[in-house]
Protein chains: 2
Amino acid sequence: MSNSFRSIGLIARATAVIGNQRFQPDQLQHNQFIYLMRVVENPGITQTELAAQLHVDPSTCLRTVRKLITSEYVTRTVDDQDKKRRPLMATQKGQAMYPALERYEQQIIAAGTSGLSAGEKALLSELLGKVANNIKHAKL
Amino acid sequence: MSNSFRSIGLIARATAVIGNQRFQPDQLQHNQFIYLMRVVENPGITQTELAAQLHVDPSTCLRTVRKLITSEYVTRTVDDQDKKRRPLMATQKGQAMYPALERYEQQIIAAGTSGLSAGEKALLSELLGKVANNIKHAKL
DNA sequence: CTCCAGTAGTTGCATTTGCAATTAAAAAGT
DNA sequence: ACTTTTTAATTGCAAATGCAACTACTGGAG
């Protein structure tokens, strides 16, 4: 039990390295692929929502999104009802990238859960979801 | 299932933020507390081993250790058999810090696994250990 | 209508990080 | 014994990150 969060830390760091290497030729570095996936899946998401979803600093999120915009994977739109908001949309290029991102994610999942039964995989997913929720709202 | 690694990423980032805030008054920032824990637990560990254990870049590890040395939590020793190696040891100050680090870890675990049964906690730990091992040795 | 508080987005600055290259020592090969 | 390769540690450089502060907009209160 005492090693769960250590495993989590290691897994996160290791998968980040793998993902960044994988997508570097596509000009997606430093976890940009993670952001792009979220924008494709959540059309119209704002930066504040994205930062909260990923639990990253808003300024980091802004700069990463800015890079995705520069690389033409993402565009900012205007919310006519609220000039403050800048909903993010994936471009055609961004959407075309998504299947490769999805495949990568599946590969990571397959490699990481190799040797686990289907029941264990489902249970792991469920328990991690609970932990994520707990940690997201933790009062310490 | 498809959300396991996303949960892992979020948990890792969120706990890092919490830990860094917690230990900032002790001059332990940017995950330094994680490194210190490992050095206390593994007297004589080398930087290369530490970097591998944590799956961080060797230069990042070196610089973080350097900071722990400056803060007098860690010292470098000499390996008389191999001049290349610089085994790391926790100082008295570092060892005195360890109980607080442990308590923090227990608090995070308690908060994160709140609502899980004892069996689920044990299972989560076991499964995450397997995933960590898989990912650490992944060939993609 | 004006003012204030809250929210979304953004910037400045110092520090950290990761990749690639380098240095030093040990191990392996000839 | 000497040379080459491997391993551990380290450095240089460019880019990313996080905290704190700031700007702009919206909604609510007076």
Side-chain angles (χ1 to χ4, degrees), chain A residues 9 12-25 27-36 39 42 44-71 74-89, chain B residues 9 12-25 27-35 39 42 44-71 74-88:
Chain A
R13 289 187 290 274
T15 51
V17 169
I18 299 170
N20 290 334
Q21 286 173 348
R22 167 66 65 87
F23 297 114
Q24 194 252 353
Q27 289 186 295
L28 292 170
Q29 297 132 292
H30 292 276
N31 292 326
Q32 285 170 28
F33 68 95
I34 295 174
Y35 292 71
L36 177 53
V39 173
N42 304 277
I45 194 171
T46 64
Q47 274 167 193
T48 304
E49 286 158 0
L50 186 55
Q53 254 200 33
L54 297 175
H55 217 92
V56 297
D57 185 81
S59 64
T60 302
C61 185
L62 169 87
R63 295 190 193 105
T64 305
V65 167
R66 204 182 266 163
K67 289 208 169 298
L68 289 176
I69 290 169
T70 299
S71 306
V74 167
T75 62
R76 275 200 186 104
T77 65
V78 178
D79 185 331
D80 291 323
Q81 317 251 39
D82 185 341
K83 298 274 171 50
K84 251 185 352 180
R85 297 167 57 87
R86 314 283 181 82
L88 305 172
M89 299 292 289
Chain B
R13 288 188 290 274
T15 50
V17 169
I18 299 170
N20 291 335
Q21 286 173 350
R22 167 65 66 86
F23 297 114
Q24 194 251 353
Q27 289 186 293
L28 291 171
Q29 297 132 289
H30 293 277
N31 293 325
Q32 285 169 29
F33 67 94
I34 295 174
Y35 292 70
V39 173
N42 305 277
I45 194 172
T46 64
Q47 275 167 191
T48 304
E49 286 158 0
L50 186 54
Q53 254 199 35
L54 297 174
H55 215 93
V56 297
D57 185 82
S59 63
T60 302
C61 185
L62 169 87
R63 295 189 191 108
T64 306
V65 166
R66 205 182 264 163
K67 288 207 170 301
L68 289 175
I69 289 169
T70 298
S71 306
V74 168
T75 62
R76 274 201 185 102
T77 64
V78 178
D79 185 330
D80 292 322
Q81 318 250 42
D82 185 341
K83 298 273 171 49
K84 253 189 347 186
R85 297 166 59 85
R86 314 282 182 79
L88 305 171

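Letters A, B, ... are given to chains in the order of the sequence lines, protein chains preceding strands, and every chain is numbered from 1. Just so it is clear, the model here is predicted, and its values are computed rather than measured.
- A straight line from CZ of A/Arg86 to C1' of C/dT7 spans 14 Å, rounded to a whole angstrom.
- Here salt bridge (charged side-chain N to carboxylate O under 4.0 Å, His left out) pairs that include residues 52-62 of chain B, with residues two or more places apart or in two chains, number zero.
- For A/Arg63 and C/dG12, a side-chain-to-base donor-acceptor distance below 3.5 Å is present, hydrogens and geometry of angles not being considered.
- Here the C1' atom of nucleotide C/dT10 and the CD1 atom of A/Ile69 are 13 Å apart, to the nearest Å.
- Rounded to an integer number of Å, the gap from CD of B/Gln24 to C1' of C/dA14 is 14 Å.
- Taken from CZ in A/Arg22 to OG1 in A/Thr15, the straight-line distance is 12.5 Å, to the nearest 0.5 Å.
- Scanning atom types as modelled, one donor and one acceptor separated by under 3.5 angstrom connect the side chain of B/Lys84 and the base of D/dT7.
- Atom CD in B/Gln29 sits about 11 Å away from atom P in C/dT17, given to the nearest Å.
- Between the CG atom of A/Asp79 and the P atom of D/dT26 there is a distance of 9 Å, given to the nearest Å.
- In this structure a side-chain-to-backbone donor-acceptor pair under 3.5 Å is missing from B/Asn20 to B/Gln29.
- Rounded to whole angstrom, the span from the CZ atom of A/Arg13 across to the P atom of C/dT17 amounts to 11 Å.
- Between the CD atom of A/Gln32 and the C1' atom of D/dT17 there is a distance of 13 Å, given to the nearest Å.
- Atom CD of B/Gln47 is separated from atom P of D/dA9 by 6 Å (rounded to the nearest Å).
- Here the side chain of B/Asp82 is nearest to one of C/dG9, C/dA25, D/dA16, namely C/dA25.
- Only A/Thr48, A/Ser59, listed by number, bring a heavy atom of residues 48-61 of chain A to less than 4.0 angstrom from any atom of DNA chain C.
- Residue B/Lys83 places its side chain closer to C/dA25 than to any other of C/dG18, C/dT17, C/dA25.
- Atom-to-atom distance recorded for B/Gln32:CD and B/Gln24:CD is 10.5 Å, nearest 0.5 angstrom.
- Distances shorter than 4.0 Å separate none of the side-chain N or O atoms of A/Arg66 from OP1 or OP2 on D/dA16.
- Considering A/Ile45, A/Thr60, A/Leu28, A/Leu88 as possible partners of A/Tyr35, the one that fulfils the side-chain contact (heavy atoms from CB on, under 4.5 Å) test is A/Thr60.
- Taking 4.5 Å as the limit, every side-chain heavy atom of A/Val74 sits out of range of all side-chain heavy atoms of A/Met89.
- Within the 4.0 Å cut-off from OP1 or OP2 of C/dT15, not a single side-chain nitrogen or oxygen of B/Lys67 is found.
- Contact between the side-chain N/O atoms of A/Arg76 and the OP1/OP2 oxygens of C/dT10 is found at a separation under 4.0 Å.
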